[in-house]
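To keep things clear, I will list the structure first and then write my remarks on it.
Below, each value reflects all heavy atoms present in this structure, side chains not excepted, and no hydrogens, waters or symmetry copies. Here the structure is a predicted model, which is why all the values come from computation and not from measurement. Proteins come first, then strands; the chains are lettered A, B, ... in the order of their sequence lines, and each starts at number 1.
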Number of protein chains: 4
Amino acid sequence: MDKKSSSQQRRESLGARSRKRVREILGTAREVFGEKGFEKATMVEIAQRLGTSEATIFTYFGSKRELCMEVLRRWYYEISADLEREVPLVNGFRARLHFVIRKHLMHLIEEGTGICALVLSEGRNVDEEFSDLITDIKRRYTSPLMAALVAAQKSGEIRRDIPLRLMRDMVYGSMEHILWSHIYSGFLADVDLTASRLSDMLWRAFMPPDQPAEALAQLHAEVADALHRYEQNEAEK
Amino acid sequence: MDKKSSSQQRRESLGARSRKRVREILGTAREVFGEKGFEKATMVEIAQRLGTSEATIFTYFGSKRELCMEVLRRWYYEISADLEREVPLVNGFRARLHFVIRKHLMHLIEEGTGICALVLSEGRNVDEEFSDLITDIKRRYTSPLMAALVAAQKSGEIRRDIPLRLMRDMVYGSMEHILWSHIYSGFLADVDLTASRLSDMLWRAFMPPDQPAEALAQLHAEVADALHRYEQNEAEK
Amino acid sequence: MDKKSSSQQRRESLGARSRKRVREILGTAREVFGEKGFEKATMVEIAQRLGTSEATIFTYFGSKRELCMEVLRRWYYEISADLEREVPLVNGFRARLHFVIRKHLMHLIEEGTGICALVLSEGRNVDEEFSDLITDIKRRYTSPLMAALVAAQKSGEIRRDIPLRLMRDMVYGSMEHILWSHIYSGFLADVDLTASRLSDMLWRAFMPPDQPAEALAQLHAEVADALHRYEQNEAEK
Amino acid sequence: MDKKSSSQQRRESLGARSRKRVREILGTAREVFGEKGFEKATMVEIAQRLGTSEATIFTYFGSKRELCMEVLRRWYYEISADLEREVPLVNGFRARLHFVIRKHLMHLIEEGTGICALVLSEGRNVDEEFSDLITDIKRRYTSPLMAALVAAQKSGEIRRDIPLRLMRDMVYGSMEHILWSHIYSGFLADVDLTASRLSDMLWRAFMPPDQPAEALAQLHAEVADALHRYEQNEAEK
DNA sequence: TATGAATGAGGGTTCATTCAT
DNA sequence: CATGAATGAACCCTCATTCAT
């Protein structure tokens, strides 16, 4: 709270040019942290890629750790905000699952998985202070899916005898490994296809063991619901 | 290939006492790398736990990286050898899947997941030299499961329309995330139960879909999709 | 003499508003240097407390050191001017001594001893340039007491067989240590009482010894010394 | 307790060469810290004067601060041990005071006052951990004089209406200023003479205001005591 | 005149690695 | 074969100082 004050406070008063600089630094830092991981990334490399000196970075961020956390925070913020807004608009668990998976895969293919891996592998061995932040980030990031899982359990779309945590780990774990394979082999031709296959399989995995009737009833309810909403819309015109 | 040769060769021609020394060093190194990760582990700490000096370790291993790789190699060798021998003895894909998952989870719970995390987080950003080794290690490690998948596809126990790689990633990815959750929360009360649940769900995921239910699911998906698009259109008006 | 000239000259020709700015800066700098000492004080902190930027300070003062010196110069100027005016008005050495001591202690207790410590701990290791300034500052500061000592020696109020420098060092050294004790323990309940006690003791110390008591003391010392030597001789046998 | 372990523990096992190295480092560090003060002293300078690299120093001392503390500890240990042994052997407060002052001045003339000043000026603004050490060092260092003061108060040799702390500050403060003067002016021709003058004046300062009779009685008592001891010694032969 | 921004120069500290004994 | 000791090379971080605007 005291040691960082100088650089910290300077950043508070961000002029227009300043804000741009912050973005540049975060962009480059994201690259480097993503490629190298936290430990192997060096401030000097980030600075060099930016074409500035290390000191400049410390003008905006109090420490390497802080910079990295901000990178993570923003990265997750972007996708989390999207998911929180969009997932609830999708109807039915299966569609939601597919939506989340597709979004996640596409986002990661573009951005690289480095940043994502950071959250996993750097999460431990970190000062209490940041450990909390990471926990928050992860919670928020996975919460749209968790909410979908909760809803689906309630509606009977998925099994009720499995902890949600386990399902969540299956979803994110599968995707992560897929992306690792992609990185190593450079092979992941069709993201859409992969997303469809994965969500299909996971949906089957989560589906209540033997309930075609259940599924039919669910479909009926959804159609009825949609019609109801549709009619209300028409009435209001 | 040249730099290592000296220590490598030194290690080749070892007496009985020396072989014991190597084992001791590897054992301690496994502990430390597992607890701290590659970057945060230090040669001093390994040496201290061993009760010797750092220089002694360098008598047997050419570098920190080389030591770490040997640790990984042996760790995976052990479990791989087990799996290669035992998996074929198990009958039926479902049982094999459960066997592999249970073995993996139990092994990691016992040994700490550190070693496992190493392979994943250290796998990238490594000199070309070691990158190949890691690829080999992983290939061998997953090969019993791959073989089981191949057999199961042939026998019709699992779907034939999904790349094996994708299934493999689901298996290992899920387990990995489960273990990370475990590390963070310290919570994984019943390994057996988790193994059963996970293998059950993955088995369902891989199982060939039965046709009527499949048709229903397809319909469901299409209706849901149509509704979604329709509603978005309405919203944008 | 050359490096400073630019900012020095800039400071010479100042409007009324600027003169006020200089005072503000010096006030804040005094605070910060007092609290932290020269090394630990930073220009950023001074600027922040002022609500301006570091660059502004450099508009008025050529360097951190120069600023600090100006702080010291002014601090000592104030008290020196007071002392030069007031001490001669006090009659008798004893009263003068008490006056100087009391003034010094009170001034330092109020202002924090930081500034004072600066002169002592920063006095050495300073560019030749500033070393002279410090010598001057201190000479002027102690000169009222020195004058009083000279007068008192002439009038016979104090011993003539002791160098003035020695007496001066006793006065200021005692006070300094008292103040350090105060800083450490936070304890110096009654400044007036301490000033009285200290001036009383120092006065006795400086007072010409009355002869019979002196003779007795001399005897005492000689006997004690003889005994000591005698006993050591005995012990070594 | 964790961060320092590597270098700390290596120092525990000091071989013969190692112990010598430690002494060399401490010697050079004493010089540099004495000349420059803690802040301005740099590890690189210490290393250069030693003809080694900075890393070598960190092999033996965990941090700059730790090194400095060890310097102080040893410096004070030497003189404190001497004083504790010798002061009680001296009889009578006046002689003891003279003894302490002479010893102190001589020691400091030889070694420079830099180290001594460190204790004063670096004492504050320091981690709690070291603050305690400094307090201990100072307590131990001044305790022989304090004990002498206590005894003298009890025996009536010195005033009872003055806090011991105040007297102690007068003794050490005076000496310190004398030494500063010496350093600046290079002038302190006759240490013995200065010691005599200073102890004489301080003795007068501390002496009970008006008691030639008291002093006489005291002398009588001491002579009687000495005779008594002398006779006992004779009897034991 | 004022300042937001940038940075060169350096400081303390760490650690894998080497080498003489 | 073992090791105590030494160190080069980095790394993170700080801060007085400069300069374009």
Side-chain angles (χ1 to χ4, degrees), chain A residues 3-4 6-7 10-11 13-18 21 39-45 47 50-67, chain B residues 10 14-15 17-18 21 39-47 52-67, chain C residues 10 14-15 17-18 21 39-47 52-67, chain D residues 3-4 6-7 10-11 13-18 21 39-47 50-65 67:
Chain A
K3 275 179 288 180
K4 302 188 295 182
S6 72
S7 46
R10 209 179 298 184
R11 188 163 45 116
S13 61
L14 2 75
R17 262 215 312 282
S18 200
R21 208 83 173 108
E39 306 284 355
K40 287 193 180 159
T42 69
M43 298 303 276
V44 94
E45 174 160 10
L50 270 165
T52 67
S53 76
E54 295 165 77
T56 302
I57 301 176
F58 282 99
T59 304
Y60 294 91
F61 299 90
S63 70
K64 183 187 181 186
R65 183 111 257 152
E66 191 187 320
L67 173 58
Chain B
R10 218 175 293 166
L14 289 174
R17 257 218 324 279
S18 291
R21 206 84 172 114
E39 304 291 348
K40 290 194 178 162
T42 68
M43 299 301 275
V44 200
E45 177 160 9
I46 297 173
T52 66
S53 81
E54 302 152 83
T56 304
I57 301 176
F58 280 94
T59 306
Y60 293 93
F61 299 91
S63 71
K64 184 188 181 185
R65 183 115 253 151
E66 191 186 323
L67 173 59
Chain C
R10 217 176 293 165
L14 289 174
R17 258 220 320 280
S18 291
R21 206 84 171 112
E39 305 290 347
K40 290 193 178 162
T42 69
M43 299 301 275
V44 199
E45 177 161 8
I46 297 172
T52 67
S53 80
E54 303 152 80
T56 305
I57 301 176
F58 280 94
T59 307
Y60 293 94
F61 298 90
S63 71
K64 185 186 180 186
R65 183 115 254 150
E66 191 186 322
L67 172 59
Chain D
K3 275 179 288 181
K4 302 188 295 181
S6 72
S7 46
R10 209 178 300 183
R11 188 163 45 116
S13 61
L14 4 73
R17 264 216 309 285
S18 199
R21 209 83 174 108
E39 305 285 354
K40 288 192 180 158
T42 70
M43 297 303 276
V44 94
E45 175 159 11
I46 298 174
L50 269 165
T52 67
S53 78
E54 301 165 71
T56 301
I57 302 176
F58 281 98
T59 304
Y60 295 91
F61 299 91
S63 69
K64 184 187 181 186
R65 184 114 254 151
L67 173 57

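Nucleotide F:dT17 holds its C1' atom 18 Å from the CD atom of C:Glu45, rounded to whole Å. The distance from atom CG of A:Leu50 to atom P of E:dT7 is 10 Å, rounded to the nearest whole Å. D:Glu39 places its CD atom 15 Å from the C1' atom of F:dA16, with the value rounded to the nearest Å. The interatomic distance linking B:Phe61 (CZ) with E:dA16 (P) rounds to 15 Å, in whole Å. Separating the NZ atom of C:Lys40 from the P atom of F:dA16 is a distance of 14 Å, rounded to the nearest angstrom. Straight-line distance from the CG atom of C:Leu67 to the C1' atom of F:dC15: 15 Å, rounded to whole Å. Atom CD1 in B:Ile46 sits about 14 Å away from atom C1' in E:dT17, given to the nearest Å. At whole-Å resolution of the value, CD in C:Glu66 and C1' in F:dT17 are 13 Å apart.
B:Thr56 comes within 4.0 angstrom of a base, heavy atoms only. In this structure, C:Ala47 reaches neither bases nor backbone, as no heavy-atom distance under 4.0 Å exists between it and the strands shown.
Which of E:dA6, F:dC12, F:dA2 sits closest to the side chain of A:Arg21 comes down to E:dA6. If you check E:dT1, F:dT7, E:dA6 against the side chain of C:Tyr60, the one that comes closest is E:dT1. The listed nucleotides are F:dT17, F:dA6, E:dA16; the one nearest the side chain of C:Met43 is F:dT17. Proximity note for D:Glu54 (side chain, C-beta onward) versus E:dG12, F:dT14, F:dT7: the nearest is E:dG12.
Checking C:Ala55 against B:Ala55, the closest nucleotide of DNA chain F that is more toward the 5' end is the one next to B:Ala55. Place C:Ile57 and A:Gly51 on DNA chain E by their nearest nucleotides, and C:Ile57 ends up nearer the 5' end. When the nearest nucleotides of DNA chain F are assigned to D:Thr52 and C:Lys64 by heavy-atom distance, the more 5′-ward of the two goes with D:Thr52.
Atom-to-atom distance recorded for A:Lys40:NZ and B:Glu39:CD is 5.0 Å, nearest 0.5 angstrom. Here the NZ atom belonging to A:Lys64 is positioned 7.0 Å from the OG1 atom belonging to A:Thr42, to the nearest 0.5 angstrom.
Helical stems of DNA chain F (runs of at least 3 Watson-Crick or G-U pairs, donor-acceptor distances under 3.5 Å) are listed by first residue: E:2-21 with F:2-21.
Between A:Ser18 and the phosphate of E:dA5, there is a side-chain N or O to OP1/OP2 separation shorter than 4.0 Å.
Listed by chain and number, the residues in a side-chain contact (heavy atoms from CB on, under 4.5 Å) with A:Glu54 are A:Met43, A:Val44, A:Ala47 (sequence neighbours excluded). Applying the side-chain contact (heavy atoms from CB on, under 4.5 Å) criterion to D:Thr56, with sequence neighbours excluded, gives D:Arg21, D:Thr52, D:Ser53, D:Tyr60.
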